[in-house]
Amino acid sequence: MDPYPARFTGRIPVATARAAGEGLEPGDEADGQVAVAGRLVARRGQGKTVFADIEDRSGRMQVWATLDRLGPDGLALIAEAHLGDIIGVRGAVVRTRRGEVSVAAASVDMLAKALRPPPDRHAGLRDPETRYRQRYLDLMASEEVREQFVTRARAIAGVRRFLDDRGFIEVETPALQPIYGGAAARPFVTHHNELGRDLYLRIATELYLKRCLVGGLDKVYEIGKDFRNEGVSFKHNPEFTMLETYEAYADYEDVARMLEEMVSQAAREATGGFVVPWKGGEIDLTPPWRRVRLVDALREASGIDVLEHPDAADLRARMREAGLDAPDDAPWPKLVDGILSQALEPTLVQPTILMDYPLELSPFAKRRADDRRLVERFEAFCGGMEIANAFSELNDPDDQRERFAMLQADRAAGDDEAQPADEDFLVALEHGMPPTGGLGLGIDRLVMLLTDRHSIREVILFPAMRT
RNA sequence: GGGCCGUUAGCUCAGUUGGUCAGAGCAGGGGACUUUUAAUCCCAAGGUCCUGGGUUCGAAUCCCAGACGGCCCA
């Protein structure tokens with residue numbers, strides 16, 4: 001017997017086979033035969049009769065194996081199979097005297113022998129380390145975990161459908177970049193042997209997607225992995241999935257409306273509604289979301305008006321007065337971000353859009369005409385996490401050049417997350433980029449919200465672990 | 001970065017004051033059983049108690065260091 005045969009023909013999902021037996025009375029047998037296959041998850045031996053449960057993605061089904069129908073070799077195969085083996089069964093659909101729709105096995109095939117045992121059927125797999133490192137065991141042991149990742153796929157499909165329906169085109173831009181940019185983060189560095197030079201794994205797709213806008217693609221999006229060389233936490237994985245969209249002739253308020261609709265549609269496709277459970281309460285994603293100016297929200301949460309403390313040392317002192325952590329080497333934008341993350345972000349459970357950020361925090365956003373210290377930018381928060389970031393994109397190449405210079409000053413002042421200037425991108429801007437509304441949406445965090453999971457590791461199949 | 005907790009059989013877990021304390025259930029092995037539903041019954045087997053030091057007559061247990069993981073805080 002080959003324990004790993006190449007094929008098993010004619011298979012149907014067990015849910016389909018079960019449906020064929022729904023109308024049967026106990027003791028009845030349907031006409032014809034079906035072929036089903038799946039992992040052996042339980043077996044109840046009775047000597048010359050064996051009951052076995054097999055499971056595929058569609059569900060679970062009982063196999064009724066008797067010496068009369070199978071003969072000694074076939075019965076031995078199923079009687080001696082291990083839990084975890086993948087077997088194929090052909091036979092009539094019946095309803096047993098106890099009322100269970102089953103396949104009365106006429107033949108049994110070993111399709112894949114398992115050499116290692118599956119997790120305990122009743123206790124499941126609880127050790128979080130094994131769950132993450134050997135996710136296949138977690139999936140094998142838990143229908144709920146399998147469903148978790150189906151929900152993730154549905155949410156992403158919902159986002160894609162939403163954007164495709166609105167005329168966006170999906171594009172792919174380089175993950176290996178000669179210079180990184182588009183976010184404040186430290187990159188991973190890798191090396192190209194033939195070119196003899198270091199390359200960076202992207203920390204964002206922003207600067208390449210904007211090049212697409214310069215070229216006239218007008219409405220583009222990319223869903224893909226970004227890589228940030230930072231610590232891991234309940235909401236950080238070094239590689240994570242990001243959506244970025246750019247729409248010509250839109251501004252950040254247009255983008256805010258699109259975000260609300262997109263997220264609520266994804267929620268409906270993934271979970272069936274706009275209201276999702278969250279940490280014992282619920283989050284209502286129904287548009288419109290609350291909007292508040294960032295500086296007002298910061299003042300309400302911390303008592304600090306950041307625009308009244310434009311000097312880093314001054315702001316640092318004020319923060320410490322208020323009991324907030326303010327590192328000595330942090331430049332002004334980092335300090336403002338510190339107030340946001342410490343005092344404000346955890347309070348933003350219901351969806352909230354914070355509008356109008358200080359220019360220093362936002363090197364790619366267009367200034368507000370009415371207040372040159374602020375830019376047309378929002379971030380959306382939900383469940384105490386940032387989930388999205390959007391601007392009216394800066395398309396003035398001279399202003400952009402100045403912003404890069406500011407970043408270099410931050411870098412010199414000790415901010416190792418400040419990104420280098422990208423001359424090639426500036427050349428692209430000099431060719432003219434239309435006024436554009438851009439958006440970044442953290443897909444992993446969105447999935448956390450939609451599935452009431454409080455660790456990013458629960459929504460990433462194979463999260464980063466120490467080796 | 002800090003604090004707390006955890007790591008014992010393939011899985012889920014017990015293990016008292018430092019002394020018959022190497023244990024159970026399930027899985028796996030042998031046997032009985034032709035309608036079971038976590039089937040049942042009998043038998044046997046299964047260990048780097050995370051790693052390395054230390055204290056002690058004696059350590060899964062106490063101390064120190066480390067690894068990995070979880071939670072909380074910053």
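Chain letters run A, B, ... following the sequence lines, proteins first, then strands; residues in each count from 1.
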Requested in this report: Name all pairs fulfilling the salt bridge (charged side-chain N to carboxylate O under 4.0 Å, His left out) condition that reach into residues 309-318 of chain A, sequence neighbours left out, sorted by first residue then second.
Outcome: A:Arg318-A:Glu321

Cationic N near anionic O, under 4.0 Å, [X] to [Y]:
{"X": "A:Arg291", "Y": "A:Glu260", "answer": "yes"}
{"X": "A:Asp328", "Y": "A:Arg320", "answer": "yes"}
{"X": "A:Lys235", "Y": "A:Glu345", "answer": "yes"}
{"X": "A:Arg146", "Y": "A:Glu55", "answer": "yes"}
{"X": "A:Lys48", "Y": "A:Asp68", "answer": "no"}

Query raised in the report: What orientation do A:Phe51 and A:Trp64 show, parallel under 30°, tilted 30 to 60°, or perpendicular over 60°?
Result: parallel

Measure from the side-chain heavy atoms of [X] and tell me the nearest of [options].
{"X": "A:Ala42", "options": "B:A39, B:U12, B:C71", "answer": "B:A39"}
{"X": "A:His122", "options": "B:A38, B:U37, B:A27", "answer": "B:A38"}
{"X": "A:Arg44", "options": "B:C11, B:A27, B:A39", "answer": "B:A39"}
{"X": "A:Pro117", "options": "B:C11, B:U35, B:A27", "answer": "B:A27"}

Requested in this report: Check the pair A:Arg453 / A:Glu144 against salt bridge (charged side-chain N to carboxylate O under 4.0 Å, His left out), numbers first and verdict last.
Outcome: CA-CA 12 Å; A:Arg453 300 297 148 131; A:Glu144 189 183 354; 3.3 Å; yes

With a 3.5 Å limit on both atom pairs, tell me what [N] is paired to, counting Watson-Crick and G-U wobble, or say none.
{"N": "B:G69", "value": "B:C5"}
{"N": "B:A24", "value": "B:U12"}
{"N": "B:C57", "value": "B:G19"}
{"N": "B:U37", "value": "none"}

Query raised in the report: Under 3.5 Å, is there a donor-acceptor pair between the side chain of A:Arg152 and the main chain of A:Met448?
Result: no

Query - A:Arg411 (side chain) donor-acceptor with A:Ala418 (main chain) under 3.5 angstrom - result: yes

Work out how far the [atom1] atom of [N] is from that of [M], and round it to whole angstrom.
{"N": "B:G28", "M": "B:G66", "atom1": "P", "value": "42 Å"}
{"N": "B:G69", "M": "B:G54", "atom1": "P", "value": "28 Å"}
{"N": "B:G6", "M": "B:C50", "atom1": "P", "value": "12 Å"}
{"N": "B:A59", "M": "B:U16", "atom1": "C1'", "value": "16 Å"}
{"N": "B:C5", "M": "B:C42", "atom1": "C1'", "value": "42 Å"}
{"N": "B:G1", "M": "B:A14", "atom1": "C1'", "value": "36 Å"}
{"N": "B:G15", "M": "B:U8", "atom1": "P", "value": "14 Å"}
{"N": "B:U40", "M": "B:U34", "atom1": "C1'", "value": "15 Å"}

Atom pair distance, as rounded to whole Å: [atom1] in [X] and [atom2] in [N]:
{"X": "A:Arg39", "N": "B:A27", "atom1": "CZ", "atom2": "C1'", "answer": "14 Å"}
{"X": "A:Met140", "N": "B:C11", "atom1": "CE", "atom2": "P", "answer": "13 Å"}
{"X": "A:Leu70", "N": "B:U35", "atom1": "CG", "atom2": "P", "answer": "15 Å"}
{"X": "A:Tyr136", "N": "B:C11", "atom1": "OH", "atom2": "C1'", "answer": "14 Å"}
{"X": "A:Lys279", "N": "B:C71", "atom1": "NZ", "atom2": "C1'", "answer": "12 Å"}
{"X": "A:Asp68", "N": "B:U35", "atom1": "CG", "atom2": "C1'", "answer": "12 Å"}
{"X": "A:Leu40", "N": "B:C26", "atom1": "CG", "atom2": "P", "answer": "17 Å"}
{"X": "A:Arg97", "N": "B:U35", "atom1": "CZ", "atom2": "P", "answer": "7 Å"}

Query raised in the report: What is the nucleic acid contact for A:Leu137, judged by heavy atoms within less than 4.0 Å: base, sugar-phosphate only, or nothing?
Result: nothing

Query raised in the report: Contact class for A:Arg131 vs. all strands (heavy atom < 4.0 Å): base, sugar-phosphate, or nothing?
Result: nothing

Query raised in the report: What string of B, S and - do you get for nucleotides 44-49 of chain B, 5' to 3', if B is base contact, S is sugar-phosphate-only contact and - is no contact with any protein heavy atom under 4.0 Å?
Result: ------

Do [X] and [Y] meet the criterion of a side-chain donor-acceptor pair at a distance under 3.5 Å?
{"X": "A:Ser58", "Y": "A:Asp56", "answer": "yes"}
{"X": "A:Tyr357", "Y": "A:Asp337", "answer": "no"}
{"X": "A:Asn389", "Y": "A:Arg377", "answer": "yes"}

Query raised in the report: Any side-chain N or O of A:Arg121 less than 4.0 Å from the OP1 or OP2 oxygen of B:C11?
Result: no

Report task. Considering just the side-chain nitrogens and oxygens of A:His82, establish if one lies under 4.0 Å of OP1 or OP2 belonging to B:G29. Result -> yes

Below 3.5 Å is the cut-off: list the nitrogen or oxygen pairs between protein and nucleotides 72-74 of chain B, distance only.
none

Report summary line: The side chain to side chain contact (heavy atoms under 4.5 Å, CB included) partner of A:Val108 among A:Val50, A:Asp73, A:Leu70, A:Leu75 is A:Leu70

Requested in this report: Under the salt bridge (charged side-chain N to carboxylate O under 4.0 Å, His left out) rule, what do A:Arg95 and A:Asp28 come out as? Steps first, then yes or no, please.
Outcome: CA-CA 6 Å; A:Arg95 189 185 288 279; A:Asp28 282 358; over 6 Å; no

**Report entry** Close residues, residues 45-61 of chain A, relative to RNA chain B [heavy-atom separation under 4.0 Å]
**Finding:** A:Gly45, A:Gln46, A:Gly47, A:Lys48, A:Thr49, A:Phe51

Using residues 81-88 of chain A as the side-chain source, report each donor-acceptor pair under 3.5 Å to any protein atom, sequence neighbours left out, with the distance given to one decimal.
from: A:Asp85; atom 1: OD1; to: A:Ala114; atom 2: N; distance (Å): 2.8
from: A:Asp85; atom 1: OD2; to: A:His82; atom 2: N; distance (Å): 2.7
from: A:Asp85; atom 1: OD2; to: A:Lys113; atom 2: NZ; distance (Å): 2.7

Contact list (N/O, under 3.5 angstrom) for nucleotides 67-69 of chain B vs protein:
from: B:C68; atom 1: O3'; to: A:Arg133; atom 2: NH2; distance (Å): 2.9
from: B:C68; atom 1: O2'; to: A:Glu129; atom 2: OE1; distance (Å): 3.1
from: B:C68; atom 1: O2'; to: A:Glu129; atom 2: OE2; distance (Å): 2.2
from: B:G69; atom 1: OP1; to: A:Arg466; atom 2: N; distance (Å): 2.9
from: B:G69; atom 1: OP2; to: A:Arg466; atom 2: NE; distance (Å): 3.2
from: B:G69; atom 1: O4'; to: A:Glu129; atom 2: OE1; distance (Å): 3.1

